Number of protein chains: 2
Amino acid sequence: MSKSNGTKAKTGRRPAKAAAAPVRADGGPGGSQVSLGRLGDFVGFRLRRVQNHLSRHFATATAAEGLRSGLFSSLALIEANPGISQIALSREVGQDKSVAVAIVDDLEKLGWAERRRSTTDRRRHALYVTAAGQAKLDALFAVVDETESAVLHQLSPGEKQLLSELLDRMYAAIAGGES
Amino acid sequence: MSKSNGTKAKTGRRPAKAAAAPVRADGGPGGSQVSLGRLGDFVGFRLRRVQNHLSRHFATATAAEGLRSGLFSSLALIEANPGISQIALSREVGQDKSVAVAIVDDLEKLGWAERRRSTTDRRRHALYVTAAGQAKLDALFAVVDETESAVLHQLSPGEKQLLSELLDRMYAAIAGGES
DNA sequence: ATCATTAGTGGAAAAAGTCAACTATCCTTG
DNA sequence: CAAGGATAGTTGACTTTTTCCACTAATGAT
């Protein structure tokens, strides 16, 4: 996934030809000096930047497992809500129900979760996390924790708390404002 | 694998999150009552929820235009950095350069941006926003503004400011911690 | 029993992301 | 100034994700 360049980090310096534009094309990730313009006025953009990095970091750290996106959060939600139905799960993750089915297929194949026919409603498959799934969840949560810590280390505990609270308030506006 | 559970996992099982708001997932007003469990302990999850809604809302609002993803931010970056090269643009958006080419193709087809051969370096295509592109950007930024306002309305001006600052600090940790 | 509704499933189609060539141009160095 | 390496742009093939839609099975209401 890295650059297909065999030679790297060479950063060939060219003699800075007094460019009229304030744009320097060179520079690695984060080192670019590109203006954000109006984009920088929106929190959504900042949100996206940070979240993008977090999810990418998590994906990289768990790439060896070959987990499909959404699998981790689905497993975590099953753990938090034993016996949840696949449709409720899909609603929660915000994906199509067919995606939830595929994820649960993977989860069963991995032995981390299992379907059990509901006794009261035989249409439903009640979902449960297995012991192996519990163990894996611990490991995955550890990765998330580590990923976040690297970024949240800049914030004081009070600031972390405040950040969570603000985000919750924003989300509450979303969840409550729909019909 | 690695079922060595003799050591106590200190990363798991902390039931208390002490958040100001009860950690409940969405499901709409009075809808499903799904617990988030450990997921609720992480700001990354809250970040994702909110950001997910924002981008989805923006996509819905601009669906009529049939804009490919990344087109808007690319156009905004061209506006903010007149004469930027396609490669610098791709680096900024975090995508492959071939994607940037495709986006600029669309942009030219729509008449919102144009390529001009750089006079100093004839390999490069300097990118500029057209008058029509400016107008479209205004409209698109208005959509973003409206999308955000609906969510940020819950926050006081001071809180918005603080939120941006916290996110910036987090992003600075990301950008500075590499290379 | 009939009909509308919901849970679950599979598969096709569209979109998005990834990779590898290949050309043209530039820069460096001998 | 010629040679070799590096950079900008472009194209096309390919893989992975998302999204949508049809279809079955079970439930509930009339």
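Remember, predicted model here, so these are calculated numbers, not experimental data. Below, read A as the first sequence line, B as the second, and so on, with proteins coming before strands; counting in each chain starts at 1.
In this structure, A:Gln86 contributes its side chain and A:Lys97 its backbone to no donor-acceptor pair below 3.5 Å. Of the possible donor and acceptor atoms, none in the side chain of A:Gln51 sits under 3.5 Å from a partner among the backbone N and O of B:Gly44. With A:Arg117 contributing its side chain and A:Arg123 its backbone, the two residues share a donor-acceptor pair below 3.5 Å. In this structure, the side chain of B:Ser35 does not engage the main chain of A:Asn81 through any donor-acceptor pair within 3.5 Å. For the pair B:Arg116 (side chain) and B:His125 (backbone), a donor-acceptor distance under 3.5 Å is absent. Counting only distance, with no hydrogens or angles, the side chain of B:Thr62 and the backbone of B:Glu65 share no donor-acceptor pair below 3.5 Å.
Nucleotide C:dT23 holds its C1' atom 13 Å from the NE2 atom of B:His125, rounded to whole Å. Distance, B:Ile87 CD1 to D:dT11 P: 15 Å, rounded to whole Å. Atom pair B:Arg124:CZ and D:dA6:P shows a separation of 19 Å (rounding to whole Å applied). Between the CZ atom of B:Arg56 and the P atom of C:dA15 there is a distance of 16 Å, given to the nearest Å. Spacing between atom CG of B:Asp105 and atom P of D:dT11 amounts to 6 Å, rounded to whole angstrom units. Atom CD1 in B:Ile103 sits roughly 15 Å away from atom C1' in D:dT10 (whole-Å rounding). The distance from atom CG of A:Leu107 to atom P of C:dT9 is 13 Å, rounded to the nearest whole Å. Counting to the nearest Å, the C1' atom of D:dT10 and the CG atom of B:Leu89 are 15 Å from each other.
Under 4.0 Å is where a charged nitrogen must lie from a carboxylate oxygen, and between A:Arg38 and B:Asp145 no such pair does.
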Q: Using a 4.0 Å cut-off on protein heavy atoms (strictly under), produce a 5'-to-3' string for nucleotides 21-30 of chain D with B for base contact, S for backbone-only sugar-phosphate contact, and - for none.
A: -----BS---

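Using a 4.5 Å cut-off between side-chain heavy atoms of Ile, Leu, Val, Met, Phe, Trp and Tyr, with links allowed through other members, A:Val101 and A:Trp112 fall into different hydrophobic clusters.
Side-chain nitrogen and oxygen atoms of B:Gln95 include at least one within less than 4.0 Å of the OP1 or OP2 phosphate oxygen of C:dG17. Contact annotation: A:Gln86 reaches the phosphate of C:dT9 (side-chain N/O to OP1 or OP2, under 4.0 Å).
The stretch residues 60-71 of chain B has no heavy atom under 4.0 Å from DNA chain D, so no residue of it qualifies as close.
Around atom CZ of A:Arg49, more than 12 heavy atoms belonging to other residues, nucleotides or ligands sit under 6.0 Å away.
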